[in-house]
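Residue numbers start from 1 in every chain, and the chains themselves are labelled A, B, ... in the order their sequence lines are given, proteins ahead of strands.
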2 protein chains.
Amino acid sequence: MAEHNPLTAHTLKISCSNCSLRELCLPIGLNREEMSQLDAVIRQSRRLKRGEYLFRAGEAFKSMFAIRTGFFKTCISSHDGREQVTGFQMSGELLGLDGVSSSLHGCDAIALEDAEVCELPFSRMTSLGRDIPTLQHHFFRLMSREIVRDQSVMLLLGNMKAEERLAAFLLNLSQRFSARGFAANDFILRMSREEIGSFLGLKLETVSRTLSKFQAQGWIIVEHKHIQLIQPENLKTLVGGCQQSMPIATT
Amino acid sequence: MAEHNPLTAHTLKISCSNCSLRELCLPIGLNREEMSQLDAVIRQSRRLKRGEYLFRAGEAFKSMFAIRTGFFKTCISSHDGREQVTGFQMSGELLGLDGVSSSLHGCDAIALEDAEVCELPFSRMTSLGRDIPTLQHHFFRLMSREIVRDQSVMLLLGNMKAEERLAAFLLNLSQRFSARGFAANDFILRMSREEIGSFLGLKLETVSRTLSKFQAQGWIIVEHKHIQLIQPENLKTLVGGCQQSMPIATT
DNA sequence: CGCTTGGTTGACTAATCTCAATATGGGTGG
DNA sequence: CCACCCATATTGAGATTAGTCAACCAAGCG
């Protein structure tokens, strides 16, 4: 599956030693001096317990957050209480990019399990970006990647049927877990059926039914939140046709 | 309707004299010297005829484009030919922000009427951004605003019914026309029913039927592409509950 | 160990899609 | 300038999908 999968969140490649993700620095080619400047800007990590808010829609935006460990959801809510989950984020991904536009956070970010994040103060990052062009460019790319991701979700929500959405969702998680060195075909869902449904534009019953259907077909095994992909190729066939056809650079 | 309406595209506030949108420069407070630097970077405008592609998904990304006149759609297509319109852009708005992430354009941009755009070479804009912090910051805001817009569309596609989507769509157009000094309640649609449907995640027949229903209720008058909002307040009530509840800064 | 929350399943309903027939208008070429 | 044609839009009827409501079950937690 391509890296810019419909559901992939922006991958963080700027983290540094403070975040114990030092290796991810190399791709953007910072030298030792620049690395230490970056280290100086990144604040010590913050711990959250399951269910805790990292930030809420409407709060002042000062920082982005890089996830070291844990699993998050972001969501926006409408006046009458409907909630739309806009994404699920895991370690190595970045939260809060939407806050830049208005200096207010545009969504809630909630930990779905105990988590640890690094805070990246935005103004210090941008001024550092002026000294380190590769860093600045990298930031633009991260934001742009989020736009691309969102548009793929629009494709999903606008064009795909329930089964296709679920299949795309499972394959996306699979791909992201495997990119982090976890098993691609055997993982634990961190979110409820309702949250999956909200993200995919489906009701929780439909999510549940569709998972059962996949299981009945022998494609997956569902044990509560424990999912095993037995025939991921069938899921891929299902999604195949409705994926984005754009040539993708794997940068 | 709030400025960060579900469907509002990023508004361009960086244009300058080359684009004959000089007044829009002031909000970000560039001085005379900075303005002329910006002018030097912006390329002469390019004209497109209706139906022409400004860029295509997969093409090398070198520039963003500011729309001077005309009306565009952006869309992504899936392997099996389904097309998702991801947005409609009008004068003063910016196209191409999604190309930064992979150095390839992520969508097609097609003129829905004869149009004129300014080209903003990306690398020159970013290096200028390093000299002019306000400009750099403004770019981050524009990209972030696009993320916020996309997420509102996700809310729309994930949670709203056909009537709510159409109402939100009409009100959004109304608000954007009026922001440009055109009539808020009397305008011409530049796009087909099918394109509206693709954007809203509906079939063209549903779009047509829903418009007819609004007309039967006396809320609007539909004459082909000519739309008049007679009772916009009823449309607002319809959308009211499902709008984003986030406190919005009007910056 | 019972309670609460989350998940599954079934029967029914409502919304939207699909297919099809029919209009309508704009554009083009004679 | 007009007539024709094609693309676009409207409307209807029936099929299909997903949503709703409700019952039941299982798990985790105090």
Side-chain angles (χ1 to χ4, degrees), chain A residues 49-51 71 73 80-85 110 112-114 156-170 188-217 220-228 238 242, chain B residues 49-51 73 80-85 110 112-114 156-170 188-217 220-227 238 242:
Chain A
K49 277 178 296 200
R50 187 184 142 167
F71 208 96
K73 70 169 176 180
D80 59 357
R82 301 187 226 187
E83 177 179 293
Q84 171 79 32
V85 172
I110 301 164
L112 294 177
E113 60 179 358
D114 293 0
L156 179 143
L157 291 173
N159 282 309
M160 291 168 60
K161 302 197 171 305
E163 291 190 13
E164 297 169 330
R165 296 183 196 194
L166 237 313
F169 175 72
L170 292 175
I188 306 291
L189 296 177
R190 253 64 223 215
M191 68 296 281
S192 70
R193 303 290 192 261
E194 185 169 20
E195 286 162 336
I196 297 172
S198 170
F199 180 57
L200 298 178
L202 300 170
K203 293 295 160 186
L204 66 102
E205 294 95 329
T206 306
V207 173
S208 181
R209 266 187 254 276
T210 307
L211 287 176
S212 301
K213 191 185 285 183
F214 286 165
Q215 185 168 36
Q217 284 166 308
I220 67 175
I221 295 176
V222 184
E223 267 182 292
H224 318 296
K225 310 217 151 179
H226 178 197
I227 302 283
Q228 294 173 67
L238 188 55
C242 39
Chain B
K49 279 179 295 201
R50 186 184 142 167
K73 70 169 176 180
D80 58 358
R82 303 186 224 188
E83 176 178 290
Q84 171 78 31
V85 173
I110 301 163
L112 294 178
E113 60 179 358
D114 293 0
L156 179 143
L157 291 173
N159 282 307
M160 291 169 57
K161 304 198 171 304
E163 291 190 13
E164 296 169 331
R165 296 183 196 193
L166 237 312
F169 175 72
L170 292 174
I188 306 290
L189 297 178
R190 253 62 226 216
M191 68 297 281
S192 69
R193 303 288 191 264
E194 185 168 19
E195 288 162 335
I196 297 173
S198 169
F199 180 56
L200 297 177
L202 301 170
K203 294 294 160 187
L204 67 103
E205 294 96 329
T206 307
V207 172
S208 180
R209 267 186 252 276
T210 308
L211 287 175
S212 300
K213 190 185 286 182
F214 285 165
Q215 184 167 36
Q217 284 166 308
I220 68 176
I221 293 174
V222 185
E223 268 182 293
H224 319 295
K225 309 218 152 179
H226 177 197
I227 303 283
L238 189 54
C242 38

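- Rounded to an integer number of Å, the gap from CG of B/Leu200 to P of C/dC17 is 11 Å.
- Rounded to 10 degrees, the angle between the two end axes of the helix from C/dC1-D/dG30 to C/dG30-D/dC1 is 40°, with five pairs used at each end.
- Regarding B/Leu211, its CG atom lies at a distance of 10 Å from the C1' atom of D/dA9, rounded to whole Å.
- Atom CD1 in A/Ile196 sits about 17 Å away from atom C1' in D/dA18, given to the nearest Å.
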Checklist entry - Tell me, for nucleotides 9-16 of chain C in 5' to 3' order, what letter each nucleotide earns: B for a base near a protein heavy atom under 4.0 Å, S for only sugar-phosphate near one, - for neither? => result BBB----S
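- The nearest whole Å value for the distance from the CG atom in A/Leu157 to the P atom in D/dA18 is 13 Å.
- To the nearest angstrom, P of C/dG7 lies 19 Å from CD1 of A/Ile221.
- Side chain of A/Asp114 to main chain of A/Lys49: no donor-acceptor pair is present (N/O by atom type, distance under 3.5 Å, no hydrogens or angles).
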Atom pairs and distances, side-chain donor-acceptor, residues 201-213 of chain B, under 3.5 Å, sequence neighbours left out:
residue, atom, partner, partner atom, Å
B/Thr210, OG1, B/Thr206, O, 2.6
B/Ser212, OG, B/Ser208, O, 3.0
B/Lys213, NZ, B/Glu163, OE2, 2.9

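- The side chain to side chain donor-acceptor pair (under 3.5 Å) test applied to B/Gln217 returns no partner, not counting sequence neighbours.
- Between the CE atom of B/Met191 and the P atom of D/dA9 there is a distance of 11 Å, rounded to whole Å.
- Residue B/Leu189 contributes atom CG, which lies 14 Å from atom P of C/dG26 at whole-angstrom precision.
- When all heavy atoms of A/Arg193 and A/Leu189 are compared, the pair lying nearest together is NH1-CD1, 3.8 Å.
- In this structure A/Glu194 satisfies the side chain to side chain donor-acceptor pair (under 3.5 Å) test with no other residue, sequence neighbours excluded.
- Listed for the B/Arg190 side chain is no donor-acceptor partner under 3.5 Å among the backbone atoms of B/Leu112.
- Judged as a side chain to side chain contact (heavy atoms under 4.5 Å, CB included), and not counting sequence neighbours, the contacts of A/His226 are A/Asp186, A/Ile188, A/Glu223, A/Gln228.
- Minimum heavy-atom separation, A/Glu164 to A/Leu238: CG-O, 4.0 Å.
- Residues passing the side chain to side chain donor-acceptor pair (under 3.5 Å) test with A/Gln215, sequence neighbours excluded: none.
- What you find for B/Met191 and B/Lys225 is that their closest heavy atoms are O-NZ, 3.5 Å.
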Name the pairs: protein N/O against N/O of nucleotides 24-30 of chain D, kept only if under 3.5 Å.
none

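- Among residues two or more places apart in sequence or in another chain, the side chain to side chain donor-acceptor pair (under 3.5 Å) test is passed with A/Asp80 by A/Ser78, A/Arg82.
- Here the P atom of nucleotide D/dT10 and the NE2 atom of B/His226 are 14 Å apart, to the nearest Å.
- Residue A/Lys225 is in sugar-phosphate contact alone, with no base atom involved, counting any heavy-atom pair closer than 4.0 Å across all strands shown.
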